[in-house]
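Notes to accompany the following structure.
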Amino acid sequence: MADDVKLEMIRHSMAHVMAEAVLEMFPTAQIAIGPAIENGFYYDFDLPRSLTDDDLAEITERMKKIIHSDKEFKRSVVSRDEARELFKDQKYKLELLDAIEEGAEISIYNQGGFTDLCRGPHVASTKDLNADAFKLLSVAGAYWRGKETNPMLTRIYGTAWRTPKDLRLYLDHLADIEKRDHRKLGKELDLFSLHEEAGPGLVYWHPKGARIRQVIENFWREEHYKNGYEMVYTPHVGKSWLWETSGHLGFYKDSMYPPMEMDNMDYYVKPMNCPFHIMIYQNSKKSYRDLPCRWAELGTVYRYEKAGALHGLMRVRGFTQDDAHLIVTPDQMDDEIMEVLRFSLYMLHSFGFNDIHAYISTKPEKSVGEQEKWDAATEALKRAVEKEGLEYDIDEGGGAFYGPKIDLKIKDAIGREWQLSTVQFDFNLPERFKLTFVDKDGVEKRPYMIHRALLGSIERFFGVLLEHYAGAFPPWLSPDQVAVIPVAEVGNDYAKDIEKKLRNLGFRAFSDLSSDRMNAKIRKAQQQKVPYMLIIGEKEMANGTVSVRYRNGKQAFGVPFDDFVKELSDKVASKEQL
RNA sequence: GCCUUUGUAGCUCAGUCGGUAGAGCACCACCAUGGUAAGGUGGGGGUCGCCGGUUCGAUUCCGGCCGAAGGCUCCA
């Protein structure tokens with residue numbers, strides 16, 4: 001039996017054991033569903049009261065007893081009527097029963113004092129579970145069958161493993177995730193903040209965060225020019241005419257900030273940049289000779305996200321998309337898609353993301369645009385992904401109503417997936433705005449429009465980067481690349497001099513001339529994750545050298561200053577991690 | 001929006017079984033001039049998230065509101 005199947009059985013069985021424990025404590029509880037999930041299990045209950053930490057402890061103890069009691073998981077097949085009788089007091093189970101199609105086998109599992117409607121499979125006996133290899137993690141609310149209109153149930157999440165050691169490794173992993181939390185690191189490293197009183201979901205970039213953002217944006221712009229893009233700037237608000245024409249007021253209004261009235265007209269803050277780029281396109285008659293247009297903008301947009309959905313930098317109400325729109329002739333589509341994909345991968349690699357997976361989403365049931373266009377575009381996406389040798393999955397019917405897309409997801413340093421790049425066809429806006437170009441044969445034709453973001457949004461990308469590197473950015477991105485630390489006050493002038501030289505060479509350096517002792521200065525720089533510390537004392541002053549202390553604890557003494565500059569330059573140019 | 005948890009100094013947190021609060025770090029001043037992760041002493045700083053109720057008295061009890069965290073849902 002495959003290992004992962006066995007683990008799933010353990011987790012599913014744990015869910016049953018937990019349900020038994022909960023029913024012991026709350027005999028009137030209604031039980032809903034309790035599946036195995038990634039890393040653990042959960043069970044949903046309708047309870048007479050809310051749960052406390054003490055309750056979780058008691059449930060845990062009861063579960064341990066049940067596990068030690070060595071009860072067999074007995075499977076039996078029952079008729080629908082027998083099942084209805086068995087679960088006559090369990091309304092959610094009856095609802096589940098009704099959903100089982102006619103003629104299908106109805107199986108139940110029993111372990112000692114608990115019987116559940118269940119497809120299985122389970123471990124043979126509760127003794128196959130390890131009483132020291134599970135932990136109840138949290139209590140949360142969850143709608144019955146995930147529907148907002150249904151009653152809210154109490155969900156208990158747990159994690160379960162084969163051995164206590166596996167459990168410990170997983171708990172360590174959770175601790176690692178907590179340590180890397182970008183909200184925590186953002187505060188510790190003084191990179192950004194959010195201010196509820198000034199508006200939730202709106203990001204304030206502090207000087208050090210802004211330095212990193214500048215490096216990202218400057219690199220982004222340079223690469224876009226190298227890759228044949230032009231930069232545009234567009235307004236932040238537009239009259240309702242624009243959003244009516246684009247269709248956003250029809251299908252996207254709930255996600256937009258409400259209108260501002262001026263001169264009897266409604267103005268809306270932009271939730272997307274596309275209509276503005278289209279206005280630029282429309283400004284003059286376009287020939288096939290003008291295409292492709294590749295227009296990029298770091299465009300800040302505002303969207304109304306539900307308060308409960310906001311999360312640090314990952315989900316905000318105001319964010320800057322690294323947006324671009326390609327307006328191309330049908331002939332150019334294939335090459336352009338391939339270029340966009342190649343460019344995306346290059347960008348992601350540059351930031352240290354090498355584990356990349358693609359997802360192609362195809363035509364959903366409700367959609368606009370002719371079938372041939374969808375087919376042509378979807379094929380172009382597939383060809384591009386295959387040409388780059390990317391692994392990919394197809395999400396059938398998962399595209400937006402206006403066109404198919406490729407999403408690229410990266411894996412970060414601890415294996416979590418994040419969606420960053422997206423390349424999306426749009427068959428809707430060219431129609432709505434009646435975009436045309438005059439082709440070689442003198443006939444006006446409709447161009448293809450491709451919407452793409454490589455990093456997604458600057459805010460979210462920054463959050464992902466921060467967690468990926470756990471705050472220890474590679475030197476090219478570090479907000480402070482070099483801390484110059486004099487051993488004593490007599491070294492202050494030399495330290496200042498070195499700082500100045502480094503700054504003049506374009507590096508981000510500072511000298512710590514505070515009245516702290518050297519040890520404290522080193523500690524501070526280390527906590528701020530500064531990659532290079534130059535320790536300056538009498539020896540260094542006499543010889544024109546520096547003593548280098550690296551963030552990773554390594555040291556190099558008596559390094560000629562010019563040698564250090566060379567080393568730093570190489571590191572920054574290569575974008576390598578220290 | 002809903003469920004659970006939560007909101008005390010800039011940060012991390014303690015505390016008051018109802019009598020208007022403390023620690024460490026940070027900040028300021030003074031002393032100390034120190035060779036690879038915290039030198040010493042002193043000081044300033046809080047209407048205990050907001051509004052209302054109970055009470056002689058509320059940061060503490062009760063109710064409402066707002067925010068945050070973890071979920072459900074959605075997504076860049």
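Just so you know, these numbers use all the heavy atoms, side chains as well, and skip hydrogens, waters and symmetry mates. Keep in mind that this is a model prediction, so the values were computed, not measured. Labels below follow one simple rule: chain letters A, B, ... track the order of the sequence lines, proteins then strands, and each chain is numbered from 1.
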Closest nucleotide among [options] to the [X] side chain:
{"X": "A:Ser515", "options": "B:A32, B:U12, B:U36", "answer": "B:A32"}
{"X": "A:Arg155", "options": "B:G39, B:C72, B:A68", "answer": "B:C72"}
{"X": "A:Ser457", "options": "B:U36, B:G35, B:A76", "answer": "B:A76"}
{"X": "A:Phe319", "options": "B:G71, B:A76, B:A37", "answer": "B:A76"}
{"X": "A:Lys187", "options": "B:U36, B:G35, B:C11", "answer": "B:C11"}
{"X": "A:Leu310", "options": "B:U36, B:A68, B:C72", "answer": "B:A68"}

Spacing between [X] atom [atom1] and [N] atom [atom2], to the nearest angstrom:
{"X": "A:Asp407", "N": "B:A76", "atom1": "CG", "atom2": "P", "result": "7 Å"}
{"X": "A:Asp516", "N": "B:U36", "atom1": "CG", "atom2": "C1'", "result": "15 Å"}
{"X": "A:Asp254", "N": "B:C75", "atom1": "CG", "atom2": "P", "result": "14 Å"}
{"X": "A:His325", "N": "B:A76", "atom1": "NE2", "atom2": "C1'", "result": "13 Å"}
{"X": "A:Lys524", "N": "B:G34", "atom1": "NZ", "atom2": "P", "result": "19 Å"}
{"X": "A:Met518", "N": "B:G35", "atom1": "CE", "atom2": "C1'", "result": "4 Å"}

Rounding to the closest angstrom, what is the interatomic distance between [N] and [M] at atom [atom1]?
{"N": "B:G53", "M": "B:A14", "atom1": "P", "value": "31 Å"}
{"N": "B:C17", "M": "B:C30", "atom1": "P", "value": "42 Å"}
{"N": "B:U12", "M": "B:C51", "atom1": "P", "value": "23 Å"}
{"N": "B:U47", "M": "B:U20", "atom1": "C1'", "value": "9 Å"}
{"N": "B:U6", "M": "B:A23", "atom1": "P", "value": "26 Å"}
{"N": "B:U8", "M": "B:G49", "atom1": "C1'", "value": "10 Å"}
{"N": "B:U36", "M": "B:A32", "atom1": "P", "value": "22 Å"}
{"N": "B:A21", "M": "B:G40", "atom1": "P", "value": "29 Å"}

Watson-Crick or G-U counterpart of [N], or none if no pair lies under 3.5 Å:
{"N": "B:C25", "answer": "B:G10"}
{"N": "B:A68", "answer": "B:U5"}
{"N": "B:C30", "answer": "B:G40"}
{"N": "B:C17", "answer": "none"}

Candidate list A:Leu513, A:Asp493, A:Ile535, test side-chain contact (heavy atoms from CB on, under 4.5 Å), partner A:Pro486, passing option: A:Leu513
5'-most by nearest nucleotide on RNA chain B - A:Met152 or A:Thr422: A:Met152
Position toward the 5' end of RNA chain B (nearest nucleotide), A:Ile536 or A:Thr154: A:Thr154
Scan A:Lys411, A:Arg183, A:Arg416 and name whichever one has a salt bridge (charged side-chain N to carboxylate O under 4.0 Å, His left out) with A:Glu467. A:Arg416
Are any of the side-chain heavy atoms of A:Val548 and A:Gln555 separated by less than 4.5 Å? no
NZ/NE/NH1/NH2 to OD/OE distance under 4.0 Å, A:Glu459 and A:Arg317: no
Does [X] get its side chain close enough to the base of [N], under 3.5 Å, for a donor-acceptor pair?
{"X": "A:Glu489", "N": "B:A32", "answer": "no"}
{"X": "A:Arg523", "N": "B:A38", "answer": "yes"}
{"X": "A:Glu540", "N": "B:G35", "answer": "yes"}
{"X": "A:Tyr143", "N": "B:G71", "answer": "no"}

Tell me whether the side-chain N/O atoms of [X] come closer than 4.0 Å to OP1 or OP2 in [N].
{"X": "A:Tyr157", "N": "B:C72", "result": "yes"}
{"X": "A:Arg183", "N": "B:A69", "result": "yes"}
{"X": "A:Lys521", "N": "B:G34", "result": "no"}
{"X": "A:His311", "N": "B:A68", "result": "no"}
{"X": "A:Arg315", "N": "B:C75", "result": "no"}

State the OG-CZ distance between A:Ser421 and A:Phe343, to the nearest 0.5 angstrom. 10.0 Å
Checking all strands, does [X] fall into the base, sugar-phosphate, or nothing category for heavy-atom contacts under 4.0 angstrom?
{"X": "A:Ala453", "value": "nothing"}
{"X": "A:Glu538", "value": "base"}
{"X": "A:Val301", "value": "nothing"}
{"X": "A:Glu305", "value": "base"}
{"X": "A:Arg549", "value": "base"}
{"X": "A:Phe462", "value": "nothing"}

When A:Trp243 is tested against each of A:Phe276, A:Tyr252, A:Phe251 for ring-ring contact (aromatic ring centres under 6.0 Å, His included), which residue passes? A:Phe276
Please work out which of the three classes, parallel, tilted or perpendicular, describes the rings of A:His468 and A:Phe353, given edges at 30° and 60°. tilted
Aromatic ring centroids of A:Trp161 and A:Phe134 under 6.0 Å? no
